[in-house]
Amino acid sequence: MTKKICILGSTGSIGVQTIDVAKKLGIKVVGLSAHKNVDLLIKQARELSPDILCIVDEKYYPLLKENFPDKIVVTGQQGLINIATYPHADLIVNALVGISGLVPTVEAILAGKRVALANKETLVTGGKIIKRIISQKQEKDSLPILIPVDSEHSAIFQCLVGEDKKNVKKIILTASGGPFRGKKFEELQSVKLEDVLMHPTWNMGKKITVDSATLINKGFEVIEAMFFFDKGCDDIEVLIHPQSIVHSMVEFVDGSVKAQLSYPDMRLPIEYALTFPERGKAVAAPLDLAKVKNLTFEEPDFDTFFLLKIAYDCAKEGESYPIVLNAANEEAVKYFLEGKIGFVDIMKYVAKIIEGHRLQKIETVEDILVIDAEARRRFKNLVEGEKS
Ligand code: NDP
Ligand code: MG
């Protein structure tokens, strides 16, 4: 059983919920990190008294150090790596957002840590390399090095306990459909930031909430599932399920389908990742299906939400494609949240960047970072070129 954890991104939606679950389970939080939110980080550190603290933005380092003169206080990218590889933690929870999660995950695995992974961008961009590193590190019969936190992947992981991988025919990833389910592309032209941020079933950080509205989040999850469960994207299907009660399903070769159900509450998959292979103490409310009554399912609309289709294409191409998809999308979401582009522009610009991309092979983390930076440069040129 996990006794001590570090949380990368402790001030975010998953980070805060992880602290809540850890407290309920009696797990000691020994490391915390934030990007800029030093006030919340200080508050968390006062309550939890961890050994090591990281504020990525160096501007806030003196303030943090002044508040905690007796703790290890670190900053910058190296600071994140210090938390990710902290020797006294049994498990690292990666709740960072975007590609910022990649290098800390790689360093944690190289340092022999187990990682509970919420940061899906890690596997979208670095899946190939992480898989290679894990295959060199993973000892037979030991606990898995990477354990999913994303609710769909936690569901699949739970469905696969006791099963032989060769008997898996298909993975069915469920998706709520986001706030614009049922709408046509033309109707999306006028949507406002506040409409985009009103997710019908989940309360999450802003970036993933925007990604859920374009459905690219589900595309990222297809890629994440390919690496977690060793499947090609043709064997991973997306199914819209507006109630977000069935978190995903696995179909086996005999036609049997297993699913994992619960209310949409991320504390459950977080708890599972922290307690695996045991189960925790039910931090989330028990499911009452008689009250839920209806569980419905429908096909995704690939024409309106064409980034989902593009994500499948990128998944099939592999190598540099998912990296470019992620980089263009991160930039697009940033521009959108800053009010510089509209909602449908996210979809249009990301599509254009992918259209203009030619496959590059990747062998190292450095290759990924170079391709990521180049894609962001192209995105900036495209958007600012069109504006001038
Ligand atoms: P949030 O935006 O709420 O939190 C992100 C955390 O990462 C914050 O602690 C933030 O610090 C920190 N951070 C942001 N940018 C950087 C950076 N460049 N370098 C270092 N730290 C940084 O995100 P969520 O908690 O919503 O999501 C985290 C990850 O989990 C994402 O990959 C998301 O896709 C995935 N996920 C989230 C779910 C959810 O319910 N929220 C569900 C399933 C998956 P600060 O607060 O200082 O900005
Ligand atoms: Mg998810």
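Read the numbers this way: they start at 1 and go in the same order the structure lists the ligands and their atoms. For reference, positions follow the sequence shown, starting with 1. What you are looking at is a predicted structure, and each value in this text was computed from that prediction instead of being measured.
For ligand 1, the atoms closer than 4.0 angstrom to any heavy atom of Asn119 are 32 (O). Those atoms of ligand 1 that come under 4.0 Å of a heavy atom in Glu121, given as number and element, are 31 (C), 32 (O). Atom numbering of ligand 1 starts at 1 in the shown order; those under 4.0 Å from a heavy atom of Gly9 are 6 (C), 7 (O), 9 (O). The atoms of ligand 1 that sit less than 4.0 Å from any heavy atom of Asp150 are 43 (C), 44 (C).
Protein heavy atom closest to atom 18 (N) of ligand 1, with residue, atom name and distance, is Ser100 CB, 3.7 Å. Protein heavy atom at the shortest distance from atom 6 (C) of ligand 1 is Ala95 O, 3.6 Å. Among protein heavy atoms, the minimum distance from atom 46 (O) of ligand 1 is reached at Thr11 OG1, 2.7 Å. Counting only heavy atoms of the protein, atom 26 (O) of ligand 1 lies nearest to Gly205 N, 2.9 Å. Nearest protein neighbour of atom 4 (O) of ligand 1, counting heavy atoms only, is Gly12 CA, 3.1 Å. Nearest non-hydrogen protein atom to atom 34 (O) of ligand 1 is Lys120 CE, 3.2 Å. Looking at atom 48 (O) of ligand 1, its nearest protein heavy atom turns out to be His35 CB, 3.7 Å.
Ring pair Phe157/Phe276: centre-to-centre distance below 6.0 Å. Proximity of the aromatic rings of Phe185 and Phe306 is defined here by a centroid distance below 6.0 angstrom, and this criterion is met. Tyr335 has its ring centre no less than 6.0 Å from the ring centre of Tyr349.
Atom OE1 is the N, O or S atom of Glu152 at the shortest distance from the Mg ion (ligand 2). Looking at Glu221, its N, O or S atom nearest to the Mg ion (ligand 2) turns out to be OE2. Summary: OD1 is the N/O/S atom of Asp150 found nearest to the Mg ion (ligand 2).
Checked against a 3.5 angstrom limit, the closest N/O atoms of Asn37 and ligand 1 fall inside it. Looking at ligand 1, you'll find an N or O of Lys36 within less than 3.5 Å of one of its N or O atoms.
Contact analysis puts Met266 in contact with ligand 1, with a non-hydrogen atom separation below 4.0 angstrom.
Geometrically, Lys120 does not engage Phe220 in a cation-pi contact, judged by NZ or CZ lying under 6.0 Å from the ring centre and within 45° of the ring axis.
Between the side chains of Thr105 and Asn94, at least one donor-acceptor pair of N or O atoms lies under 3.5 Å. Side-chain contact, Glu58 with Thr75: no donor N or O sits under 3.5 Å from an acceptor N or O. In this structure, a donor-acceptor pair under 3.5 Å is absent between the side chains of Asn167 and Glu163.
With hydrogens and angles disregarded, a donor-acceptor distance shorter than 3.5 Å links the side chain of His247 to the backbone of Ser262. Distance alone, capped at 3.5 Å, places no donor-acceptor pair between the Ser256 side chain and the Phe252 backbone. Put simply, the side chain of Asp288 gets close to the backbone of Ala290: a donor and an acceptor are under 3.5 Å apart.
Distances from atom 33 (C) of ligand 1 to the heavy atoms of Ile208, Thr122, Asp211, Asn94 put Ile208 nearest. When the options Val93, Val97, Thr18, Asp39 are ranked by their closest heavy atom to atom 5 (C) of ligand 1, first place goes to Val97. In the candidate list Leu96, Val56, Val16, Leu96 is nearest to atom 29 (C) of ligand 1, counting heavy atoms. Selection from Ile14, Val149, Asn203 by nearest heavy atom to atom 39 (C) of ligand 1 gives Ile14. When Ser212, Ala118, Pro104 are ranked by how near their heavy atoms come to atom 35 (C) of ligand 1, first place goes to Ala118. For atom 3 (O) of ligand 1, the nearest non-hydrogen atom from the set Cys54, Ser13, Ser10 comes from Ser13.
Looking at Ser176 and Pro242, their side chains never come closer than 4.5 Å, going by heavy atoms from C-beta outward. At least one side-chain heavy atom of Met249 sits less than 4.5 Å from a side-chain heavy atom of Leu239.
Tyr263 and Leu268 fall into different hydrophobic clusters, where Ile, Leu, Val, Met, Phe, Trp and Tyr side chains are chained together by heavy-atom contacts under 4.5 Å.
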* Audit row: Ile52, Val30, side chain to side chain contact (heavy atoms under 4.5 Å, CB included) steps and yes/no -> CA-CA 6 Å; Ile52 178 165; Val30 292; 5.7 Å; no
